[in-house]
Protein chains: 2
Amino acid sequence: MSSKDQNGEAAYKVLARELRQAILGRRYVDGTRLPTEAELAAEYQVSRQTVRRAFHDLVSEGMVYRVPGRGTFAAPRDGQYLRQFGSIEDLMGLSLDTQLEVLRPLRRKVDIDAASRLRLDSDAVHTVVFLRTHNGEAFCHTTVHLHPAAAEALGDVAELTERGAVSDVTIIGLLDTRLPSPIAEAEQSITAAAAEKPLANALGCHAGDPLLRVDRIYLTTDQQPVELAINHFLPEQYSYRVKLRRNTR
Amino acid sequence: MSSKDQNGEAAYKVLARELRQAILGRRYVDGTRLPTEAELAAEYQVSRQTVRRAFHDLVSEGMVYRVPGRGTFAAPRDGQYLRQFGSIEDLMGLSLDTQLEVLRPLRRKVDIDAASRLRLDSDAVHTVVFLRTHNGEAFCHTTVHLHPAAAEALGDVAELTERGAVSDVTIIGLLDTRLPSPIAEAEQSITAAAAEKPLANALGCHAGDPLLRVDRIYLTTDQQPVELAINHFLPEQYSYRVKLRRNTR
DNA sequence: CGTTATTTGTGCGTATGTATT
DNA sequence: AAATACATACGCACAAATAAC
């Protein structure tokens, strides 16, 4: 118990999560200083170094900023589309006004690259391909590769296993309730790609047209990758906006 | 000198930069293990904790991943990402491993669209066009439009006013020290676009090839837009990475 | 199958430097 | 000038995962 909590969760991660929640719960708004390292160390019965490690993570997430000699402060969430990160909930919210149409139903498939990105030992994943439409018009083509355990959890979902099925579900929405541990974060990578012919046909554009390619790897709370989604968006109908800000000073 | 180098640069940052360079220079491809913490500590004459600190930063940048009991590995560049830009500092850090080559020197130009995006009254901006290269290869074509005050501040910078000049500056790095108020944030918008002919020539790709287009508007601390940068990246050599989180609402 | 060596992960203690108040 | 608070650095100990035997 000297190095880890009984649950097996690191003390600095517990502390980081508590502080994250407190900040998201607006408990340190408008420039209020957070407790000092020494105060938190005393409160949580850990060393100052452990507190520092928690803060270090929060800084790299952009949750707080620190000023030597002054203290630690919650990062300002100014007005409108405030954060540096989009959120998972935004993605789940997709189902509110879009539909999903299955092009190729969920089934097992050998894909070494996808398997390695999901950090699987085997070379097979479970794959489903669909279009996302809005008002009847397709704007995004998605290929989803699933961890075997995730595929298991979705095996009985008719909306994914029948070709041509139309529904308003999201994969992560389904996974979130059916997996033992919920989805906590996603690593997103954005680049551009030319439309392959079948993809162009599905999206109603020309082969070779530029598309915005967005890859997302979804991780559960225990950092296990469960889903790799490869999206191709029509750029006229989608652009990704972020606000960057300064770290220190 | 026990806590900092004479230059005032932290030892762990020096080490992190060296390792970053080595990885970007492809010195640890195809799953080669990086040196262990103990080896690096001995080589750089620092403690193991200092090495860990450096690795921690590289992990949060997505440059490497670590496996207990096995070692540290360069993150796979499936789509060839270079960097994660989560903050303004990351963009300023570009000068560490890339060069800038002027295609069209800084000069006044009428551009109503750019002027309005910079919230100018007039319809003229100051514009400079350049390539950004890494290891001698161009990966990004950039058109920068400047607020008159910003252009004034950069008027005597030979690296921007002479065609063909090659340097390792960043515009925001220059502006940050020369403007009365520093740069505080940027609004970024990402989409895909086909390469126009002159752009394709400059980047060494074909006309019509898909490019990642990233527009950024930089704002000073008093919310004054001073720079509009329109970047076109070669997707093989660049992808934009973000981490999405739960509960950020 | 356990044992051992290697390597990273976590935690604590201490010392000193630097920035702010 | 002094107190406060964060920043960097080194040291040690032990835990946990992995691989080799």
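In this text, all values refer to a predicted model and were calculated from it rather than measured experimentally. All chains are named by letter (A, B, ...) in the order of the sequence lines, taking the proteins before the strands, and each is independently numbered beginning at 1. We use all heavy atoms of the structure for the numbers below, so side chains are in, but hydrogens, waters and symmetry mates are not.
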Query - Nucleotide nearest B:Thr36 (side chain, heavy atoms from C-beta), chosen from D:dC10, C:dT7, C:dT20 - result: C:dT7

Report task. Validate the cation-pi geometry between B:Arg66 and B:Phe55: distance from NZ or CZ to the six-membered ring centre under 6.0 Å, angle to the ring axis within 45°. Result -> yes

Requested in this report: Indicate yes or no: at least one non-hydrogen side-chain atom of A:Val51 is less than 4.5 angstrom from one of A:Pro35.
Outcome: no

Query raised in the report: Side chain of B:Arg33: nearest nucleotide among C:dT10, C:dT7, D:dA7?
Result: C:dT7

Query - Length of the line joining A:Glu37:CD and C:dC12:C1', which is rounded to integer Å - result: 14 Å

Query - Pair A:Asp156 + A:Arg178, salt bridge at N-O below 4.0 Å - result: yes

**Report entry** From C:dT20, C:dT10, D:dT8, nucleotide with atom closest to A:Arg52 side chain
**Finding:** D:dT8

Query - Closest to side chain of A:Ser47, choosing from C:dT8, D:dT18, C:dG13 - result: C:dG13

**Report entry** Earlier contact from the 5' end, DNA chain C, for A:Gly69 and A:Gln49
**Finding:** A:Gln49

Query raised in the report: Is there a donor on the side chain of A:Arg48 or the base of D:dA7 sitting less than 3.5 Å from an acceptor on the other?
Result: yes

**Report entry** Out of D:dT18, C:dG11, C:dT8, whichever nucleotide has its closest atom nearest the side chain of A:Ala10
**Finding:** C:dG11

Query raised in the report: From the list C:dG9, C:dC12, D:dC10, which nucleotide is the closest neighbour of the side chain of B:Thr50?
Result: D:dC10

**Report entry** Out of D:dT8, D:dA19, C:dT20, whichever nucleotide has its closest atom nearest the side chain of B:Lys13
**Finding:** D:dT8

Query raised in the report: Taking OP1 and OP2 of C:dA19, is either one under 4.0 Å from a side-chain nitrogen or oxygen of A:Arg70?
Result: no

Requested in this report: Indicate, with a heavy-atom threshold strictly under 4.0 Å, whether A:Tyr12 touches base, sugar-phosphate, or nothing.
Outcome: sugar-phosphate

Requested in this report: Would you mind telling me which residue lines up with the more 5' stretch of DNA chain C, B:Thr72 or A:Pro68, judged by nearest nucleotide?
Outcome: B:Thr72

